[in-house]
Every structure is written in structure tokens, then in C-alpha cells.
Amino acid sequence: MKQIISRLAAFLVSACMAASIAAGQTSSAAVDAEGHQWWQHAVFYEIYPRSFADSNNDGVGDLKGITLKLDYLKDLGVDAIWISPCFPSPQVDFGYDVSDYENIDPMYGTLADFDVLASEAKKRDIHIILDFVVNHSSDQHKWFLDSKSSLTSAHRDWYIWRDGKGPGEPPNNWVSTFGGSAWKLDPATNQYYYHYFYAEQPDLNWRNPAVKDAMFDVERWWYKRGVAGFRLDAVDTLFEDPDLHDNAILGPGKNAFGDPIEQENYNKRLPEVHDVLRGLRKVADEYGAVLIGETWTSNIAELNAYYGRGNNELHLPMDFLFTTVDKLSPVEFRKQIASVDAASGWPTFVISNHDKVRSYDRYGDGQHNDQIAKLMAALYLTLRGSPIMYYGEEIGMKTTPPTRKEDVKDPIGRTGWPDEKGRDGERTPMQWDSTENAGFSKGTPWLPVPPTYRTHNVADESKDPNSVLEFYKKVLKLRHTNRALLDGNYTAINESDANVLSYLRVYKDHGVVVALNMSGTPRKMSLELKRNGFTSAKRLLATEKSEAQGDEVSLEPYGVFIGELTK
Ligand code: NOJ
């Protein structure tokens, strides 16, 4: 009975989803008869622009550099690039402190360079997604400079200003996620302003309709310039309790910055966030654009809330739940995949980004890292949903954190040293070839190039059929051309297997089986084909010593088998 109810619920959810996708996306052409949108079949690729390709050899990547690499991205199998902030910025948080939302930072080029990038990308059918930093601006943005100038300035209420509790005391106990109080005193007006991140990143006051209008205008401005969507930064923290209740303190422990650990009930995920998301979505729908959200959800109910009722908020709330599985555990992955697969919107899968240790190190055992990198590619690129890759993941780039405090660039690495070394390690220059500076720049790169560029780089891996890069290309090609991988349902098989993660993807008559050995020993197992209406599996893509015979698959250590199912 329980099963019937849950199947019925799943059917209703998917029926509602199909209806709402069809209804809400009128301006965007569906790519198939089922009403799928382009972003549901797309592979996204995050570019951290400082570190991707440096065309003018000043040590920092730029837009012209990205344009020069579009053919590489196309050949890899990328459909959309998400460029981390490239707007004018004092670069305190490397672009996540925006001082002008409608321009390009000279370090990255000009608006004309952006236009060239957009038109060259369009020629190759690659969509451009920009990073919209909606929670805060830079303290050097003209809005904040005016806001700060007097108690009665036109923009005073564009940010969160409050009197202190008492002399020298901030308005309440909220701490910044980057360390210290979340309030900074402005001696000129004797009030504090609120900043969830660095003090140079004051939070915008989204309760002020003028802020909403201005930000919606920014959104439109970029759509008109050819942008296909946004990744929305830090949406969890858009609103704060207007009565400024103190957060509860969770126990006696301290975080890496020496601050108390707070339960952020009063400054995170307030219900008003959803009004803003619905507003941003309405504008996005006018342009057939996609909204990806930086959403640090801790369970599926929170994730569902971000899709919105009837899927009217984020198209792709980024599912970091997947990255919380920090070991090669079929049991854990199975659990996360099943819950995300049953969520009320289209799944998104991310295994690395500019704030997280790279997947190469998270899952690698130090000996079989390349095999494990291929295994992870075979996993998240064959699931039902849209994957978001991170530059360099496809060549097996390694997290390389600084070893000395004086070398740290990311400010949180300096305040939190040695517990928190910052995020430099996952932002090192892209490794294009084995020449000096990995072909990233002829100048001195802003972060050192890891020594692994000699073995892991695009040029050499392109010539090696067994490289991580060539494996990525094969999986990406398969997922773009195989109907079951694009649209098929996900069904877990061998659900109690603690070593091999395996599943079917079935779309009408097409079926694919994926079997991933997450252990260091060879494994054999049944593919449960008969139970699922199939008889055998024909190799589509597999690692060297992995194969299937009838219903049985043999997998080498960390081996992958992806097979087409026959009836
Ligand atoms: C999330 C971004 O991913 C991170 O890099 C940044 O520091 C914070 N938001 C603040 O914008």
C-alpha cells in the first residue's frame, strides 16, 4: 500500500512538473515532444575566469582567453558555461564583491570583449550563464557609497543599517560566515551595517522595493545582451529577521575563525527569499532563461522549496547534498541520488566548484585517483538531471592549497589559518599543456600552477586514449546522444551492494545500465536485467577490464561498465 501511494505521489509530481514546465516556459522552445527545455539536456561548465586562460599575459585569466578556448569546450561536450563574476570589483572576494553590475572588470576585458565572447559562443551553440551576486554588493558600489554618506541619503535604506545595542556593541550576535561579527560600525553616521560575508560585502536590503526593481533591471540588461541565465549567488541569505533576534548558539565549540557556532534561523532561508526568486523567475521566463541557485540545502524538503510550488522559482537549485558524500560509498550515493531523483524538480549534480575541495582529492585514494576520477565522471554524467562541471575536473586537476600563510590569497585563508586555509587550492590555473605555467599565461600566474601540470594537462591528455580527459569526452558524447541517458527514468539495482553502485536509465524502449565499482577489488554481480524486462547489456563504454556477459557484469577495481540494454 505504502509503495502504491508513493508511486502515485511520484506520478503526480512528475505530471505537475511536466505541466508546469510546459506552462512556465512558453518563451523557450522545447527540445523534444515531452517538453524538455534546453537546460535539461545541457552540460554546464563553471569557469573561474581568473584562472582559466590569460590572453594578455598579466597573470590573470580574461574573457578573450575564454573565447580562445571555446572550441576546446565544444569538443569536450559543454553546452553552457557559467562564468564566475567578471564584473567591476575591488576583488576582495575575487569578484563576489561587485561594484558595478552592468559592466566588465578591466582585468577581464571590456563589454565589447563580452559581446565577442557571446557571439562566438552562440556560433558554437554554447550558452552563457553569468553569476548574479544578489545578496550583497561591494562596499565600493555607488549605491553603498551613497548609502553610507549620511543617515538620510537616497540609498540609505538599500542596505541594512541599525543602531548598536549599546556603546561599542553591535545590534545583535550574528556572526559573518567569513569570521567576526556580521556588523560593522560606520563611525561617520554611528550606525552598523550588516554583512553576512566580508565587511566589504554589505548585504542589500531586499525589503526595499527600489532594490528589487534595480536588481530585476540588471537581470533584464544581461538577458538583452545575450545571456542565457544566471547562477544566483548566496540566495539562502537574502533576508534577515527585521527584529534582529539573536541566533541560538550551538554548544560550546568554536569555528575555524574562533566564533561561536550559530543556528542561523534568523538570517538564513527566511520565507521572503521565495518572493524574490519568483520575481527573478518571472523575468527569466520572459527570456527563456535558466536560473541556477547556490542553495546550501540540508534536506530534500529545503531543496523542494527552492524549486517553488509548481516549479516557479529556481530551475536548477544546485544540489550540494551530493558533495556531502565525502567518500566512495555506494550506500551514501544511492541514498542521495534516490532522494534528489524524487524531488519536485529537475535534478542538478555538482561534484566540485570554486568553494570546495576538488572531487579528484575528495574521492581519490592517492593511488588510483585517475581511475576514481573516471568513475566519478561515469556517475554524475549518467544520472537523470543536469550536471555542472568545474574547470579542470575533466583533466584530473588536484586541489593544491598553499603551504605557507604568507602565500594565501583568499582572505578567509589568512584569518582562519591553519584550520581554514581558504579556497586558493581549488582555484589554481587551468593546466593546458606542459610548457611553463601550464600554458595558462606567459606572465606570473596569480596563483601558482600545481606541479601536476606535467602529467595532467589538456595537450598531453588529448593524445592519450586512456586519459581522464578522453574518458570525460566519451561519457559526455554518450550522454548527449543516448536517449535513455538524456531522459530515462532512474532505477537503482542491487540496492544492498556496499561496493558497486548500479542503476538503470530507461526511456520508452531504450535502456542503459551503469555499474560502478567503488572498491579496490574486482567485483562480479548480476545486473537484475530479467526483473526489469531486459536480457543482456551490450558495451557502450567501459574501462579496460570491465565487461558484461548476459546478466552478469565483471568490474575491475574502480571499474566502469555502461551498457545498452536489449530485450
Ligand atoms: C558564494 C560564492 O560561491 C563564494 O565564492 C563567495 O565567497 C560567497 N558566495 C560570497 O559571495
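Ligands are counted one by one from 1 in listed order, and the atoms in each one are counted from 1 as well. Count residues from 1 along the sequence. Scope of the values below: all heavy atoms of this structure, side chains included, with no hydrogens, waters or symmetry mates.
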Can you list every ring-ring contact (aromatic ring centres under 6.0 Å, His included) pair that touches residues 265-286, not counting sequence neighbours?
->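 Only His245-Tyr266, His274-Tyr306 qualify under ring-ring contact (aromatic ring centres under 6.0 Å, His included).
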Within residues 199-225 or reaching into it, pairs that qualify as ring-ring contact (aromatic ring centres under 6.0 Å, His included) - sequence neighbours excluded =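 Counting only pairs at least two positions apart or across chains, the ring-ring contact (aromatic ring centres under 6.0 Å, His included) contacts touching residues 199-225 are Phe87-Trp222, Phe114-Trp222, Tyr223-Phe230, Tyr223-Tyr287.
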Which N or O atoms of ligand 1 sit under 3.5 Å from a protein N or O, and how far apart is each pair?
from, atom 1, to, atom 2, distance (Å)
ligand 1, 3 (O), Arg231, NH2, 3.1
ligand 1, 3 (O), His354, NE2, 2.7
ligand 1, 3 (O), Asp355, OD2, 2.4
ligand 1, 5 (O), His354, NE2, 3.0
ligand 1, 5 (O), Asp355, OD1, 2.7
ligand 1, 5 (O), Asp355, OD2, 3.4
ligand 1, 5 (O), Arg423, NH1, 3.3
ligand 1, 7 (O), Asp93, OD1, 3.3
ligand 1, 7 (O), Asp93, OD2, 2.5
ligand 1, 7 (O), Arg423, NH1, 3.0
ligand 1, 9 (N), Asp233, OD1, 2.9
ligand 1, 9 (N), Asp233, OD2, 3.2
ligand 1, 11 (O), His136, NE2, 3.1
ligand 1, 11 (O), Asp233, OD2, 2.7

Is there a salt bridge (charged side-chain N to carboxylate O under 4.0 Å, His left out) between Glu332 and Lys335 once you walk through the steps?
-> CA-CA 5 Å; Glu332 288 297 308; Lys335 209 164 73 194; 3.6 Å; yes
With sequence neighbours excluded, residues passing side-chain hydrogen bond (donor to acceptor under 3.5 Å, both in side chains) with Arg414 |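 For Arg414 there are no side-chain hydrogen bond (donor to acceptor under 3.5 Å, both in side chains) partners, ignoring immediate neighbours.
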In terms of the angle between their ring planes, are Tyr72 and Trp432 parallel, tilted or perpendicular, with boundaries placed at 30° and 60°?
->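 Ring orientation of Tyr72 relative to Trp432: perpendicular.
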For atom NZ of Lys64, decide whether the heavy atoms of other residues, nucleotides or ligands shown that lie under 6.0 angstrom number more than 12.
->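 No, NZ of Lys64 has 12 or fewer neighbouring heavy atoms, counting only those of other groups under 6.0 Å.
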